[in-house]
Amino acid sequence: MLKLLLFLKRIHFVLLFLALEAVAITLFLHGNVYQKAKIAGTSNRLVSGIYDKMADVTGYFGLRAENDRLIDEVARLRSRLSAFQVYDTLGQPMDSVPGLQYYQYQPARVIRNSVTKRQNYLTIDRGKLDGVEPEMALISEDGIVGYVVHCSNHFSVAVSILNTEEFKTSGCIKGSDFAGSIYWDGVSHREVVLDEIPKYADLKVGDTVVTTNYSYIFPPDQPIGTVRSFEMVNGTFYKVRVALFTDLARVKHVYVVRYLEQGERRALEMSVGNAEIGQNVPANKPEEETVEP
């Protein structure tokens with residue numbers, strides 16, 4: 001205690017100076033309206049800046065929840081849109097028919113993916129309990145991704161478009177009547193092949209390639225990519241290299257698409273003994289190569 005008193009005695013002039021300075025500043029601020037307003041404005045800007053930074057930090061950590069909410073909303077709107085649009089045989093929009101719904105969409109997150117193998121697959125965080133079944137399409141905001149082949153209660157495995165053995169579907173040049181087979185030849189994860197386009201087709205680099213309604217799985221008019229190059233094969237048809245819209249190496253979110261009339265359509269077409277009905281299959285292909293999703 002004695003040491004504290006001796007210490008205060010040594011610095012009592014400093015303490016007195018600080019006390020008088022505090023009194024002087026207080027009298028100055030309260031007695032000068034301009035300075036009072038100036039200090040108040042500075043204080044408000046400082047506090048507002050702190051609140052803004054806190055809001056930015058809070059918003060950043062809430063981005064995932066907000067992103068999931070927006071993805072759910074897009075899936076709901078896609079499902080509703082499919083009830084108002086009818087397509088012709090090449091996927092071109094026709095007259096609207098309210099009340100008819102052909103496809104249902106639900107969002108999913110990609111939790112595993114590969115692009116470096118010749119047979120690539122994706123795993124998503126949706127399964128049987130979420131209504132996911134084999135032969136349901138996966139699409140992203142940019143274009144097609146693959147289709148489901150196996151499901152557990154909470155997860156599903158899908159064949160990627162980057163699969164040289166299991167993936168095949170039909171595609172066409174947007175706005176034309178020319179369709180062919182879409183497949184991956186294993187050359188680049190950013191390109192697929194559109195094969196069997198007739199030689200009299202008017203092709204141009206940059207043309208958009210989309211899905212057709214020949215498929216039991218993919219909705220028509222879904223984007224695939226753009227024509228990067230093409231060559232004539234045997235003087236009869238074009239082999240087209242298509243630059244994919246979707247970067248499969250970076251895809252994180254997809255939509256799982258259910259074709260509501262898939263079972264009825266497939267059963268009807270099989271019942272007449274012609275599995276090629278509705279499929280885009282050239283006549284010179286052997287039968288074992290005619291099945292495509």
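Here the structure is a predicted model, which means the values were calculated and not measured.
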Atom CZ in Arg228, atom CG in Leu244: separation rounded to 0.5 Å? 9.0 Å

How far does CD1 of Ile111 sit from CZ of Arg109, to the nearest 0.5 angstrom? 10.0 Å

Any heavy-atom pair between the side chains of Val159 and Leu122 that's under 4.5 Å? no

As a quick check of understanding, evaluate salt bridge (charged side-chain N to carboxylate O under 4.0 Å, His left out) for Glu191 and Arg241, giving each step before the final call. CA-CA 7 Å; Glu191 289 185 353; Arg241 302 205 66 84; 2.8 Å; yes

What's the spacing between Arg118 CZ and Asp185 CG if we round to 0.5 Å? 8.0 Å

Run the numbers on Tyr259 and Phe218 for ring pair (Phe, Tyr, Trp, His ring centres under 6.0 Å), then give the verdict. CA-CA 8 Å; Tyr259 180 19; Phe218 291 102; over 10 Å; no

Between Tyr103 and Val257, is any pair of side-chain heavy atoms under 4.5 Å apart? yes

If you define the side chain from C-beta out and look only at heavy atoms, does anything of Asn163 sit under 4.5 Å from Glu165? yes

Within the 4.5 Å heavy-atom criterion, are Thr226 and Val242 side-chain neighbours or not? no

For Ala158 against Leu138, the heavy-atom pair lying closest together: CB-CD1, 3.4 Å

Do Ser170 and Thr212 have side-chain N/O donor and acceptor atoms under 3.5 Å apart? yes

Atom pair CD1 (Ile197) and CG (Asp207), whose distance is rounded to the nearest 0.5 Å: 10.5 Å

Rounding to 0.5 Å, atoms CG (Leu248) and CG (Leu162) come to a distance of 4.0 Å

Step-by-step salt bridge (charged side-chain N to carboxylate O under 4.0 Å, His left out) determination, Glu135 to Arg266: CA-CA 12 Å; Glu135 295 195 329; Arg266 189 189 293 274; 3.0 Å; yes

Output field: ring centroids Tyr238/Phe178 closer than 6.0 Å: no

So if I apply the side chain to side chain donor-acceptor pair (under 3.5 Å) rule between Tyr255 and each of Gln104, Glu141, Gln106, which one comes out positive? Glu141

Are any non-hydrogen side-chain atoms of Ile124 and Val254 less than 4.5 angstrom apart? yes

Rounded to the nearest 0.5 Å, the CG atom of Asp202 sits from the CD1 atom of Ile173 at a distance of 10.0 Å

How close do Gly143 and Thr246 get, heavy atom to heavy atom, and via which atoms? N-OG1, 3.1 Å

Do His253 and Ser140 come within less than 4.5 Å of each other through their side chains, counting heavy atoms only? no

Under 3.5 Å: donor-acceptor pair, side chain of Arg126, backbone of Val256: no

Shortest non-hydrogen contact between Tyr105 and Pro219, atoms and distance: OH-CG, 3.8 Å

Would you check if there is a donor-acceptor pair between the side chains of Glu269 and Tyr216 at a distance under 3.5 Å? yes

Do you know which two heavy atoms are closest between Lys239 and Tyr183, and how far apart they sit? CE-OH, 3.8 Å

Hey, is the main chain of Thr236 close enough, under 3.5 Å, to the side chain of Asn234 for a donor-acceptor pair? no

Heavy-atom nearest pair, Ser156 first then Gly127, reads OG-CA, 3.6 Å

Applying salt bridge (charged side-chain N to carboxylate O under 4.0 Å, His left out), run through Arg258 and Glu133 and close with a yes or a no. CA-CA 8 Å; Arg258 177 191 294 274; Glu133 298 175 353; 3.5 Å; yes

Assess the side chains of Ser114 and Asn120: does a donor N or O sit below 3.5 Å from an acceptor N or O? yes

Any donor-acceptor N/O pair, Thr211 side chain to Asp221 backbone, under 3.5 Å: yes

Looking only at heavy atoms, which two atoms of Val227 and Lys204 are closest? And how far apart? CB-O, 3.6 Å

